K.L.:
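Submitted below is the structure of interest, expressed as structure tokens.
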Amino acid sequence: MASPQPRIGVVTFPGSLDDRDMLWALAALDAEAVPVWHAEEQLPDLDAVVLPGGFSYGDYLRCGAIARLSPVMNAVAAFAADGGLVLGVCNGFQILCEAGLLPGALRANESLTYVCRDVRLTVERTDTPFTARCGPGQTLVMPVKHGEGCYIRPDHLPQEQVVLRYGEPVNGSVDDIAGVVNEHRNVMGLMPHPEHAVDPLLGSADGAFVLASLVDSARSRALAIA
Amino acid sequence: MKATVLVRPKQGILDPQGEAVESALGHLGFAVRDARVGRVVDLEVEASDPAAARAEVERMCEQLLANPLVESYEISLDG
């Protein structure tokens, strides 16, 4: 097999909303998209894992604070510690922050209003498994839809870990940060929704730059293991 | 033993909810500044003595009830 389909899991938590769109988008980009239930203690054989958007556990306490205690999250943390690729979108980003797999925290938007619109993003790093298909400084247009997307970074966050910035005011995020990676660059979180922007019919296909980068990277990993 | 945990946004962390409350109080004619909005968690904890109860609740705060990056917490015990 010259070009095997990488297997990418999409975790559904109680209250996930965008799991189906993510499964659809990954399949459209030639991955084998595998649904994973939050109560599973083991992950199936996967080349990457995605935590989708939504309102897991009703956003009780803090967004992502309860979901990060789901049984599957131990397996996701172990997968990430082993170098596995993990992408969190919106609520998935919040869960990864709460789980300590990504630096920082997400709080209520500065405006206190829910933002739901297409926004411009600037690609800061192309040397990550999630942005390899982008050009340096490229502008991407993707939708956001969140009430708590104001990113608070830890004091010492290295610039190298900032992957995406908003190109316009969106939610009050410190330094306009829209997406970050962990130190080893195998875990990424972002507030905008690439899975809602993989077909021009939906206003933008720029989300495919991110998701197709992930599919490429997952495929390389699958080939390396095989 | 009853415990009350008060969680608030850390100083310097943007608190738009506090700002909205402050502005609403202003509309009512109250002159206020620096309004901050936090969260209260009341709970009953099994513990042999107050020191043990406090230590237990502190662990709860560190692991779940507060996000130490952006929130501070205060614990009070009763009974």
Side-chain angles (χ1 to χ4, degrees), chain A residues 56-71 73-74 77 91 93-115 146-157 161 166 169-177 180 182 189 191, chain B residues 1-28 30-46 53-77:
Chain A
S56 58
Y57 295 90
D59 279 351
Y60 291 168
L61 194 63
R62 294 179 307 277
C63 302
I66 311 285
R68 70 114 176 157
L69 298 169
S70 285
M73 285 305 294
N74 284 331
N91 188 220
F93 184 13
Q94 295 164 337
I95 296 168
L96 290 172
C97 287
E98 282 285 343
L101 294 174
L102 286 175
L106 293 141
R107 304 229 332 136
N109 295 344
E110 188 173 17
S111 62
L112 272 189
T113 56
Y114 191 90
V115 284
H146 59 247
E148 306 205 15
C150 177
Y151 182 74
I152 312 289
R153 59 163 168 69
D155 290 338
H156 52 271
L157 182 71
Q161 287 180 237
Y166 298 109
V170 174
N171 52 26
S173 287
V174 174
D175 299 336
D176 296 318
I177 294 171
V180 297
N182 65 344
M191 286 312 293
Chain B
M1 187 169 294
K2 281 188 177 156
T4 297
V5 179
L6 189 59
V7 181
R8 26 163 97 87
K10 269 189 181 168
Q11 227 178 355
I13 295 288
L14 182 73
D15 179 26
Q17 211 181 334
E19 287 173 13
V21 167
E22 184 177 314
S23 142
L25 287 171
H27 287 303
L28 289 172
F30 294 104
V32 296
R33 280 188 315 178
D34 300 333
R36 310 280 283 171
V37 175
R39 180 189 319 123
V40 172
V41 183
D42 286 322
L43 45 86
E44 181 93 31
V45 58
E46 296 280 331
R54 184 172 291 277
E56 182 87 343
V57 177
E58 217 150 84
R59 285 202 298 277
M60 296 179 201
C61 291
E62 291 293 328
Q63 291 176 35
L64 180 68
L65 299 181
N67 181 336
L69 179 66
V70 287
E71 294 170 330
S72 61
Y73 59 84
E74 264 176 44
I75 299 167
S76 49
L77 299 171

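Nothing here was measured: the structure is a model prediction, and the numbers come from that model. By convention in this document, chain letters (A, B, ...) are assigned in the order of the sequence lines, proteins followed by strands, and residues within each chain are numbered from 1. All heavy atoms count here, side chains included; hydrogens, waters and symmetry mates do not.
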K.L.:
In Å, rounded to the nearest 0.5 Å, how long is the span from CZ of Arg54(B) to OG of Ser76(B)?
P.N.:
7.5 Å
K.L.:
State, to 0.1 Å, how close Val37(B) and Pro9(B) come at their nearest heavy-atom pair, and which atoms those are.
P.N.:
O-CD, 3.2 Å
K.L.:
What closest approach, in Å, do Ala66(B) and Val7(B) show between heavy atoms, and which atom pair accounts for it?
P.N.:
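That would be CB-CG1, 4.0 Å.
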K.L.:
Taking only distance into account, so ignoring hydrogens and angles, what donor-acceptor contacts under 3.5 Å exist between chain B and chain A?
P.N.:
from     : atom 1 : to        : atom 2 : distance (Å)
Leu14(B) : O      : Arg107(A) : NH2    : 3.4
Arg39(B) : NH2    : Leu61(A)  : O      : 3.2
Gln63(B) : O      : Arg68(A)  : NH2    : 2.2
Leu64(B) : O      : Arg62(A)  : NH1    : 2.9
Leu64(B) : O      : Arg62(A)  : NH2    : 2.8
Leu65(B) : O      : Arg62(A)  : NH1    : 3.2
Asn67(B) : ND2    : Glu98(A)  : OE2    : 3.4

K.L.:
What part of Leu69(B) lies closer than 4.5 angstrom to a heavy atom of chain A: side chain, backbone, both or neither?
P.N.:
side chain
K.L.:
Tell me, for Cys97(A) versus chain B, whether the close heavy atoms (under 4.5 Å) come from the side chain, the backbone, both or neither.
P.N.:
neither
K.L.:
Report the distance from atom CD1 of Ile152(A) to atom CD1 of Ile13(B), rounding to the nearest 0.5 Å.
P.N.:
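Answer for the CD1-CD1 pair, Ile152(A) versus Ile13(B), is 4.5 Å.
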K.L.:
Which atom pair, heavy atoms only, marks the closest approach of Ala108(A) to Cys150(A)?
P.N.:
O-CB, 3.4 Å
K.L.:
If you measure from CD1 on Ile75(B) to CD on Glu58(B), what distance do you get to the nearest 0.5 Å?
P.N.:
4.5 Å
K.L.:
Testing the basics here: between Ala67(A) and Met73(A), what is the closest heavy-atom pair and its distance to 0.1 Å?
P.N.:
O-CG, 3.4 Å
